[in-house]
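Below is one structure, written out as structure tokens; comments come after it.
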Protein chains: 2
Amino acid sequence: MVKTLQTLIETSRRQYRTMTEMVAATLREAIIGGALGSGEMIRQDQLAAAFGVSRMPVREALRQLEAEGLVEFLPHRGAVVAELKPDEILEMCEIRSLLECHALKKAVPTLSEDVLRRAECVLDELDEENDVARWGEMNQRFHMTLYDNLRGTRLYDLVAAQYQHLDRYIRVTLTQLDYAGKSQAEHRMLVAACRAGDPDRAAEVLRAHLAKSAGAIAELLAGQQALAGAQR
Amino acid sequence: MVKTLQTLIETSRRQYRTMTEMVAATLREAIIGGALGSGEMIRQDQLAAAFGVSRMPVREALRQLEAEGLVEFLPHRGAVVAELKPDEILEMCEIRSLLECHALKKAVPTLSEDVLRRAECVLDELDEENDVARWGEMNQRFHMTLYDNLRGTRLYDLVAAQYQHLDRYIRVTLTQLDYAGKSQAEHRMLVAACRAGDPDRAAEVLRAHLAKSAGAIAELLAGQQALAGAQR
DNA sequence: ATATTAAATATTGGATCCAATATCAAGGTT
DNA sequence: AACCTTGATATTGGATCCAATATTTAATAT
């Protein structure tokens with residue numbers, strides 16, 4: 001069940017310093033979560049009314065999201081939610097693999113048992129999670145936990161930012177994908193490899209895991225394209 | 001000679017669709033180029049006056065730059081130019097190497113003689129360039145030319161974005177660095193390796209080049225820290 | 001004299017207002 | 001009938017105005 005924009009707005013009412021911050025965070029969630037669909041036109045006063053603010057915080061928030069690549073401005077015409085191009089999914093998987101394997105190699109030597117246990121804890125929760133949207137969120141939490149010691153570095157921020165983009169694609173395709181259950185075994189293997197303390201081996205496990213997940217997505221996309229072709 | 005903010009403003013007067021675009025682009029250049037120094041307070045009405053516009057386009061532009069990581073907002077206090085942390089320089093060199101080696105590997109098989117010649121053309125210009133700011137810009141042009149066939153991909157955009165950040169650091173340190181001349185030989189080697197058509201070998205040459213340049217920067221930083229320590 | 005509190009000032013955050021531009025529709029011309 | 005032009009409408013871009021907050025200064029009390 002995809003959360004509606006209205007729900008998101010009410011939830012995140014009073015926990016930000018400025019309206020701009022609040023609107024930006026909420027819209028970000030809305031776009032990543034699919035409440036605002038790819039290519040959808042964004043009417044500023046409409047959004048402003050929904051948030052109960054003037055157009056200004058909305059405009060500032062949209063500019064931020066533009067810089068993040070989540071919306072696109074067409075001068076004097078309006079902003080649209082950035083389009084999801086299927087070909088980009090696999091490219092992003094590739095980038096993700098490149099960055100995260102590198103990050104993991106750096107993180108493994110510094111991993112404490114405490115962090116590892118926290119990661120496992122997330123996995124346990126993941127086992128019980130059925131909601132697709134929340135699954136994506138927690139999958140991210142699991143992986144990012146392994147890089148926790150890199151917090152504050154550029155690399156950490158970069159990995160997190162990439163995750164956000166990929167997540168948009170994932171959540172859209174994930175519904176039809178029963179990969180979630182299968183990937184848990186690989187997640188456990190990954191933690192084991194990390195605990196063993198060999199950076200290269202851990203990175204290799206991660207690479208295989210990400211490649212497999214990318215493969216599943218590719219397969220799904222191929223199926224959809226075949227379907228689209230048949231309809232024509 | 002670092003261009004002043006005033007010069008930049010006058011130069012880029014009437015070549016953008018909206019003021020926000022113009023202000024954003026100009027401020028970006030100003031921060032990267034050093035016209036606005038690291039940690040410097042940004043007064044909105046002051047900037048607005050300098051640009052001859054109201055505060056609004058300035059605010060929108062600043063929000064974009066915030067998302068790009070070039071400025072930081074302190075709620076109700078103002079925006080400051082993001083600080084340059086010396087430790088981050090080497091980290092960014094590392095990220096750059098990771099991303100660009102990957103990009104080069106993908107680009108090499110697609111490289112046409114035309115692109116290679118254009119790259120060499122930039123190198124020729126680079127030989128004659130003495131101005132530090134312009135040297136940094138053209139160094140970037142050279143490297144990005146090699147990835148020209150990746151235009152429109154996420155990877156290309158990511159590499160370009162990272163370049164921007166690194167460039168801030170580079171231009172600050174470059175003045176004291178006579179690495180510029182020495183690196184030209186490596187640039188030529190790089191083009192030769194690309195022309196040979198072996199992706200892995202080309203990537204290795206690039207990695208070595210970037211490592212050497214990172215080394216030079218590290219050395220400079222170490223020297224500066226020793227100096228700072230002596231003064232204390 | 002110092003510390004704490006209160007008021008004044010400056011600056012940002014947000015709302016409202018106006019102008020510029022793009023789209024859409026209608027009418028006229030070839 | 002098709003195309004171009006012109007005007008109406010909607011929506012964004014930009015300016016100005018007001019409110020909220022942070023900082024600084026001054027005054028008072030200990």
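Within every chain, numbering begins at 1; the chains are lettered A, B, ... in the order of the sequence lines, protein sequences first and strands thereafter.
- If you run salt bridge (Lys or Arg N to Asp or Glu O under 4.0 Å) between A:Arg154 and each of B:Glu94, B:Glu88, B:Glu91, only B:Glu88 comes through.
- For A:Glu219, the CD atom sits in a loose shell: 12 or fewer heavy atoms of surrounding residues, nucleotides or ligands are nearer than 6.0 Å.
- Among pairs with a residue in residues 53-103 of chain B, none fulfils ring pair (Phe, Tyr, Trp, His ring centres under 6.0 Å), at least two apart in sequence or across chains.
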Taking only distance into account, with no hydrogens and no angle test, what donor-acceptor pairs under 3.5 Å do side-chain atoms of residues 112-125 of chain A form with protein atoms, sequence neighbours excluded?
{"from": "A:Ser112", "atom 1": "OG", "to": "A:Val115", "atom 2": "N", "distance (Å)": "3.3"}
{"from": "A:Glu113", "atom 1": "OE1", "to": "A:Arg195", "atom 2": "NE", "distance (Å)": "3.2"}
{"from": "A:Glu113", "atom 1": "OE2", "to": "A:Arg195", "atom 2": "NE", "distance (Å)": "3.4"}
{"from": "A:Glu113", "atom 1": "OE2", "to": "A:Arg195", "atom 2": "NH2", "distance (Å)": "2.7"}
{"from": "A:Arg118", "atom 1": "NH2", "to": "A:Asp148", "atom 2": "OD2", "distance (Å)": "3.1"}
{"from": "A:Glu120", "atom 1": "OE1", "to": "A:Arg195", "atom 2": "NH2", "distance (Å)": "3.2"}
{"from": "A:Glu120", "atom 1": "OE2", "to": "A:Arg195", "atom 2": "NH1", "distance (Å)": "3.2"}
{"from": "A:Asp124", "atom 1": "OD1", "to": "A:Arg188", "atom 2": "NH1", "distance (Å)": "3.4"}
{"from": "A:Asp124", "atom 1": "OD1", "to": "A:Arg188", "atom 2": "NH2", "distance (Å)": "3.0"}

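- Each of A:Thr20 and A:Arg55 lies near DNA chain C, and the nucleotide nearest A:Thr20 is the one positioned closer to the 5' end.
- Remark: the backbone N or O of A:Asn149 is not paired with any side-chain donor or acceptor of A:Thr110 at under 3.5 angstrom.
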Nucleotides 6-8 of chain D: which of its N/O atoms have a protein N/O under 3.5 Å away?
none

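- Of the residues in residues 38-46 of chain A, not one comes within less than 4.0 Å of DNA chain C through any heavy atom.
- With sequence neighbours left out, B:Glu100 forms a salt bridge (charged side-chain N to carboxylate O under 4.0 Å, His left out) with B:Arg96.
- With sequence neighbours left out, A:Ala49 forms a side-chain contact (heavy atoms from CB on, under 4.5 Å) with no residue at all.
- Think of the region where chain A sits on DNA chain C: with heavy atoms and a 4.0 Å cut, that region ends 5' and 3' at C:dG13 to C:dT23.
- Evaluation of the ring pair (Phe, Tyr, Trp, His ring centres under 6.0 Å) test over residues 136-158 of chain A, restricted to residues two or more places apart or in two chains, returns A:Phe142-A:His187, A:His143-A:His187, A:His143-A:His209.
- Taking A:Pro86 as the reference, A:Leu221 meet the side-chain contact (heavy atoms from CB on, under 4.5 Å) condition, with sequence neighbours excluded.
- Less than 4.0 Å separates DNA chain C from at least one heavy atom of each of the following residues of residues 73-80 of chain A: A:His76, A:Arg77.
- In this structure, the side-chain contact (heavy atoms from CB on, under 4.5 Å) partners of A:Gln164, at least two apart in sequence or on a different chain, are A:Arg28, A:Ile32, A:Glu68, A:Leu70.
- By the side-chain contact (heavy atoms from CB on, under 4.5 Å) test, A:Gln46 pairs with A:Arg43, sequence neighbours left out.
- A distance-only check finds a donor-acceptor pair linking the side chain of B:Thr145 to the backbone of B:Arg141 [under 3.5 Å].
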